[in-house]
Asks: 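Here it is, the structure in full.
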Amino acid sequence: MTEDLLALGIEGLGLNLSNANIADLELFLQEMGRWNQVHNLTAIESEQDSIRLHLIDSIAVLPVLRRFLKAPNPKIADLGSGGGLPAIPIAIVQPEWRLTLIEAIRKKTAFLQHVRGKLKLKNIEVLSERVENVALQQPAQFDAVISRAFTNLARFLDLSLPLLKPGGLVFAMKAKRADEEMADVCSEDWQLLADEALLIPNLSVERRLLVLTPMRKSTLTT
């Protein structure tokens with residue numbers, strides 16, 4: 001059932017994943033479910049819902065990311081990574097991309113480190129830090145920043161700015177149109193490059209991905 005549901009979701013997204021990719025995605029989901037019983041990583045416990053709302057939701061952004069990320073080995077920060085969404089599924093499918101998972105809660109970073117070892121994901125690093133501290137340690141080091149339900153858009157953009165290289169991109173995953181949140185973002189500071197509707201097979205709720213780039217430089221000082 002799990003395999004069929006995952007395969008259907010991947011087919012619906014038009015993604016060409018290897019058997020090894022699918023096996024790793026399933027193993028990640030199994031480990032999340034096992035840890036969740038003790039550490040409360042996510043409120044979603046149903047296996048079917050986890051596939052739709054975690055795995056498929058995370059890899060649904062890949063066609064858009066592939067379109068916008070031009071660097072051959074882009075460095076991407078996942079802010080407030082939580083249980084590793086969307087970064088772990090992305091890292092599984094895109095082994096040439098380098099992902100930094102930033103999460104301040106230790107029980108969650110312990111899980112992320114466990115999954116990194118379990119799946120032998122050499123393209124990720126896990127930082128048990130606040131985003132603001134990482135920005136001080138690694139200013140302007142990332143080609144892109146992504147987040148899934150981390151904080152409101154204006155706050156997310158403020159946290160992202162000092163991390164980005166010049167011309168860097170922000171990918172903001174939203175559950176619905178973010179018109180109200182965009183109204184709080186200064187158009188002189190940020191340019192909206194895309195507002196993409198994401199198709200999540202077998203799921204009726206709306207998903208969107210905003211793609212933005214900064215129009216001003218960070219004023220962060222170390």
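Position 1 is the first residue of the sequence, and the numbers go up from there. These figures come from a predicted structure and were not determined experimentally.
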Asks: When you compare the side chain of V145 with that of I76, does any pair of heavy atoms fall below 4.5 Å?
Replies: no

Asks: Passes side chain to side chain contact (heavy atoms under 4.5 Å, CB included), V211 versus V170? Steps please.
Replies: CA-CA 6 Å; V211 186; V170 170; over 6 Å; no

Asks: In terms of heavy-atom contacts, does CZ of R130 have more than 12 from other residues, nucleotides or ligands at under 6.0 Å?
Replies: no

Asks: Quick one, K165 and Q141 - any side-chain contact, counting heavy atoms below 4.5 Å?
Replies: no

Asks: When rounded to the nearest 0.5 angstrom, what is the spacing between CG in L161 and CZ in F156?
Replies: 11.5 Å

Asks: Any donor-acceptor pair under 3.5 Å linking the side chain of R116 with the backbone of I124?
Replies: yes

Asks: Against I90, only a single residue in I59, V61, L85, N123 fulfils side chain to side chain contact (heavy atoms under 4.5 Å, CB included); can you say which?
Replies: V61

Asks: So, does N73 use its side chain to make a donor-acceptor pair with the main chain of W97 at under 3.5 Å?
Replies: no

Asks: Please check if the side chain of Q113 supplies one atom and the backbone of F111 the other of a donor-acceptor pair under 3.5 Å.
Replies: no

Asks: Find the distance between CG (L101) and CD1 (I88) and round it off to the nearest 0.5 Å.
Replies: 5.0 Å

Asks: Dump the intermediate steps for side chain to side chain contact (heavy atoms under 4.5 Å, CB included) on H114 and E31, then the final yes or no.
Replies: CA-CA 9 Å; H114 166 75; E31 290 300 302; 2.6 Å; yes

Asks: A quick test of your reading: do over 12 heavy atoms of other residues, nucleotides or ligands sit less than 6.0 Å from CG of D179?
Replies: yes

Asks: When you look at D24 and V93, which way does the side chain to side chain contact (heavy atoms under 4.5 Å, CB included) test go after all the steps?
Replies: CA-CA 9 Å; D24 282 348; V93 178; over 6 Å; no

Asks: For the pair D158 (side chain) and R155 (backbone), establish whether a donor and an acceptor sit closer than 3.5 Å, ignoring hydrogens and angles.
Replies: no

Asks: Working note: S81 + L112, criterion side chain to side chain contact (heavy atoms under 4.5 Å, CB included); need CA distance, chi angles, decisive distance, verdict.
Replies: CA-CA 9 Å; S81 193; L112 297 176; 4.2 Å; yes

Asks: As an exercise, state the distance from CG of L79 to OG1 of T100, rounded to the nearest 0.5 Å.
Replies: 10.0 Å

Asks: Can a donor-acceptor pair be found, under 3.5 Å and without considering hydrogens, that links the side chain of D143 to the backbone of G168?
Replies: no

Asks: If I compare all heavy atoms of A71 with all of P74, which pair ends up nearest, and what's the gap?
Replies: O-CD, 3.2 Å

Asks: Would you kindly say whether T109 and E103 are connected by a side-chain donor-acceptor distance under 3.5 Å?
Replies: no

Asks: Out of curiosity, R98 CZ to E125 CD, how far, rounded to the nearest 0.5 Å?
Replies: 9.5 Å

Asks: Could you tell me whether the side chain of E132 reaches within less than 4.5 Å of the side chain of L136, counting heavy atoms only?
Replies: no

Asks: Only pairs under 3.5 Å count here: list side-chain donor-acceptor contacts from residues 181-188, not counting sequence neighbours, and write none if there are none.
Replies:
from : atom 1 : to   : atom 2 : distance (Å)
E181 : OE1    : L153 : N      : 2.6
E181 : OE1    : K174 : NZ     : 3.1
E181 : OE2    : K174 : NZ     : 3.2

Asks: For residues W35 and L27: do they belong to one hydrophobic cluster (side chain heavy atoms under 4.5 Å, members Ile, Leu, Val, Met, Phe, Trp, Tyr)?
Replies: yes

Asks: Grab the two heavy atoms, one from P162 and one from A135, that are nearest each other, plus how far apart they are.
Replies: CG-CB, 3.8 Å

Asks: When you compare the side chain of L169 with that of L164, does any pair of heavy atoms fall below 4.5 Å?
Replies: no

Asks: I need the N21 CG to E26 CD distance, nearest 0.5 Å.
Replies: 11.0 Å

Asks: Going from OG on S58 to CZ on R148, what distance comes out if it is rounded to the nearest 0.5 angstrom?
Replies: 5.0 Å

Asks: Do V134 and E129 come within less than 4.5 Å of each other through their side chains, counting heavy atoms only?
Replies: yes

Asks: Under 4.5 Å between any side-chain heavy atoms of D189 and P214, yes or no?
Replies: no

Asks: So, D78 side chain and L99 main chain: donor-acceptor pair closer than 3.5 Å or not?
Replies: no

Asks: For a quick test of your reading: what N or O donor-acceptor pairs under 3.5 Å do the side chains of residues 190-200 make, sequence neighbours left out?
Replies:
from : atom 1 : to   : atom 2 : distance (Å)
D195 : OD1    : R208 : NE     : 2.8
D195 : OD1    : R208 : NH2    : 3.4
E196 : OE2    : R67  : NH2    : 2.3

Asks: At their closest point, which heavy atom of F171 faces which heavy atom of A144, and how far apart are they?
Replies: CE1-CB, 3.8 Å

